Amino acid sequence: MIQNSLAKTVVKLHVNGETHEVMVRSADTLLHTLREQLGLTGAKRACENGDCGACTVLINGETMHSCLSLAIETINQPITTIESLMDSPIQRIFVEKWAIQCGFCTPGFILNCHALAKKHPNADEEVIEEWMQSNLCRCTGYQEIKDAVKAAVQAEKQA
Amino acid sequence: MIPFDFEYYKPETIPEAIQTYQELRNQGKKVIYYSGGTEFITFSRINQMAADAIIDIKGIRECHVLEQQGDQFVIGSAVSLNKITESSIFPLLGQTVKQIADHTSRNKITIGGNINSRLIYREGILPLLLSDAKVKLARSEGELVLPLTNILDKELKIGSGEFLVQILVKKSYGSLPFASLKKTKITKVSYPVVSIAALVKDQRIRTAFSGVCEYPFRSDQVEAALNETSLSMAEKINKAVSLLPAQIIDDIQASREYRTFVLKNALHEIMDSLEVAPA
Ligand SMILES: Cc1cc2nc3c(=O)[nH]c(=O)nc-3n(C[C@H](O)[C@H](O)[C@H](O)COP(=O)(O)OP(=O)(O)OC[C@H]3O[C@@H](n4cnc5c(N)ncnc54)[C@H](O)[C@@H]3O)c2cc1C
Ligand code: FES
Ligand code: FES
């Protein structure tokens with residue numbers, strides 16, 4: 001049985017293919033731990049309520065709100081953050097399609113799009129719409145984001 | 001940031017979970033079972049929920065089952081809403097839970113967490129009410145299987161220390177005609193103004209509702225009205241709406257008058273889509 005007392009404990013997290021030791025309270029969210037302990041600030045802190053998707057990461061390849069996961073819950077599970085997609089084709093597509101304004105929502109959108117393209121390389125409009133409803137863009141650049149997502153899905157299909 | 005500390009336990013078996021709960025309770029601690037954890041985290045962050053210890057049931061194999069066993073579907077309480085939809089195991093349930101929250105949240109929200117939610121919606125329970133589902137509970141005296149409705153009194157009444165392990169639905173319900181409809185205020189991702197699940201069994205329509213009253217419900221009287229062959233479609237719906245088990249909600253999402261209007265239209269849509277023949 002995995003357990004953690006009231007005290008802070010050192011646990012291992014598997015992030016972007018590397019194992020890191022972090023010191024957590026049971027109450028620490030994954031978002032807090034990634035940002036404050038590992039310096040991985042790509043996952044953004046905003047609503048902390050599961051409403052905006054700015055904190056999206058992949059856990060076991062599935063999109064998750066890191067604000068709605070405890071760090072302790074994710075022991076032994078592969079975690080992927082936006083930092084692992086640096087200089088990736090999907091990042092370039094977002095740049096080329098002008099799918100970025102202030103950039104605050106971008107890591108969440110890119111990770112969601114990355115997972116979508118891997119799982120549904122033949123995603124139709126309805127599936128794309130369903131997945132992208134998880135992320136809000138406060139600059140409202142939805143049309144450009146949609147174009148980028150479609151291009152990324154298309155690129156994955158051809159890969 | 002959750003403003004208080006708590007102990008975390010992730011047992012691998014049902015007896016280990018039950019025993020852990022009892023030991024912690026004997027120490028005077030407030031303990032809660034934790035599944036997807038989204039409700040615990042969001043409410044704890046704003047000090048509307050608290051615990052000295054949480055027991056994460058996601059390590060328990062039985063809580064992850066999602067398969068046909070003999071003549072029934074077995075759905076573990078810790079299965080995520082997306083997994084239920086993707087499995088196509090019980091299409092009415094899959095379609096109904098697909099309307100809850102957003103895609104990313106549905107990777108984390110579990111069916112056990114949804115139907116035990118402290119929120120009034122609990123939309124995942126609607127298909128279970130229509131399909132005479134049973135539940136398997138873990139207790140210190142051993143497991144107990146009983147009809148869901150036996151422990152439903154507006155909300156699920158599960159005894160202290162007990163938890164929901166699985167939901168059992170007769171396979172035959174998986175092939176009946178069904179419909180599921182959710183109406184929200186503006187955006188698609190939102191709590192329901194009205195959410196209705198329906199299926200047709202033995203040429204009678206069954207309906208269950210969320211967002212209409214302060215708790216999700218299925219009502220014999222409402223169904224009797226909707227199945228009254230001597231009435232026109234409009235008469236059936238008006239009669240059904242006059243027989244709801246509680247007052248229609250009047251809140252920031254929708255006034256009572258507007259909700260009633262939406263409810264009637266949604267019922268019309270459901271009856272049409274199921275081709276429930278007007279008299
Ligand atoms: C962004 C967002 C949008 C949402 N939108 C909707 C919506 O549209 N419709 C809707 O119906 N709901 C909606 N919800 C509410 C959500 O379905 C509930 O909060 C649900 O409780 C979350 O499930 P969980 O598994 O994450 O719960 P948890 O936080 O793990 O548990 C919730 C409660 O259930 C208890 N519990 C969990 N599992 C069990 C079990 N096996 N046995 C006994 N008790 C148990 C816990 O002790 C706790 O009290 C939304 C939630 C979020 C975060
Ligand atoms: S910060 Fe996690 S969903 Fe908004
Ligand atoms: S680009 Fe600014 S929030 Fe989306």
Side-chain angles (χ1 to χ4, degrees), chain A residues 1-9 11 24-32 36 45 47-77 108-109 111-112 115-116 119-120 127-136, chain B residues 1-13 15-17 19-20 23-24 29 34-46 50-60 78 80 82-83 85-86 98-109 113 184 187-191:
Chain A
M1 171 157 73
I2 296 174
Q3 52 180 292
N4 195 25
S5 67
L6 284 184
K8 279 192 171 182
T9 313
V11 298
V24 295
R25 301 154 65 224
S26 302
D28 285 341
T29 60
L30 179 61
L31 173 64
H32 176 84
E36 305 301 325
R45 177 174 161 234
C47 70
E48 289 188 276
N49 205 47
D51 294 324
C52 75
C55 65
T56 303
V57 298
L58 307 186
I59 302 178
N60 273 324
E62 290 189 333
T63 51
M64 296 281 175
H65 299 301
S66 58
C67 70
L68 295 187
S69 281
L70 300 174
I72 192 101
E73 237 184 305
T74 63
I75 292 174
N76 297 333
Q77 301 190 54
F109 267 110
L111 277 167
N112 196 2
L116 167 69
K119 190 157 182 174
H120 294 289
V127 174
I128 292 176
E129 188 92 6
E130 184 203 343
W131 279 57
M132 292 305 135
Q133 275 163 359
S134 293
N135 297 67
L136 298 180
Chain B
M1 171 86 99
I2 298 176
F4 58 89
D5 283 311
F6 52 82
E7 297 168 31
Y8 174 86
Y9 297 87
K10 189 174 183 184
E12 285 168 19
T13 63
E16 205 179 14
Q19 196 188 337
T20 305
E23 282 172 10
L24 292 163
K29 291 177 177 158
Y34 178 98
S35 189
T38 63
E39 184 160 304
F40 174 74
I41 294 173
T42 49
F43 278 84
S44 296
R45 189 174 61 80
I46 52 173
D52 300 309
I54 63 172
I55 300 177
D56 186 349
I57 60 166
K58 291 196 294 298
I60 301 171
S80 73
N82 276 346
K83 286 226 159 65
T85 304
E86 287 162 11
K98 193 177 172 183
Q99 300 173 131
I100 293 173
D102 62 279
H103 184 269
T104 299
S105 297
R106 290 196 299 274
N107 278 333
K108 192 89 196 316
I109 297 175
T184 54
T187 50
K188 266 197 184 164
V189 177
S190 186
Y191 294 124

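Sequence lines set the chain letters: A, B, ... in the order given, protein chains first and strands last, and positions in each chain run from 1. What you see is a predicted model, and the numbers here were worked out from it, not measured in a lab.
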For [X] against [Y], the heavy-atom pair lying closest together:
X	Y	result
B/Asp102	A/Gly50	OD1-O, 3.7 Å
B/Asp5	A/Arg25	OD1-NE, 2.8 Å
B/Tyr8	A/Ser26	CB-OG, 3.6 Å

First locate atom [atom1] of [X], then atom [atom2] of [Y], and finally report the distance between them rounded to the nearest 0.5 Å.
X	Y	atom1	atom2	answer
B/Glu16	A/Met1	CD	CE	4.5 Å
B/Tyr34	A/Leu70	OH	CG	3.5 Å
B/Ile46	A/Asn49	CD1	CG	7.0 Å
A/Asn4	B/Tyr9	CG	OH	9.0 Å
A/Glu62	B/His103	CD	NE2	8.0 Å

Count the heavy atoms belonging to other residues, nucleotides or ligands that lie under 6.0 Å from [atom1] of [X], then report whether that count exceeds 12.
X	atom1	answer
B/Lys29	NZ	yes
A/Arg45	CZ	no
B/Lys10	NZ	yes

Flag, side chain of [X] to backbone of [Y], donor-acceptor distance under 3.5 Å:
X	Y	result
B/Lys108	A/Leu68	yes
A/Glu48	B/Met1	yes
B/Thr104	A/Thr63	no

**Item:** Pair B/Lys58 + A/Glu73: basic N to acidic O under 4.0 Å
**Value:** yes
Sort [X] into side chain, backbone, both or neither according to what part of it lies under 4.5 angstrom from a heavy atom of chain B.
X	value
A/Thr9	neither
A/Lys119	side chain
A/Leu31	neither
A/His65	both
A/Asn112	side chain

Is [X] close to chain A through its backbone or its side chain, or both, or neither, when contacts mean heavy atoms under 4.5 Å?
X	answer
B/Asp56	side chain
B/Ser80	neither
B/Phe4	backbone
B/Ile55	neither
B/Ile41	side chain

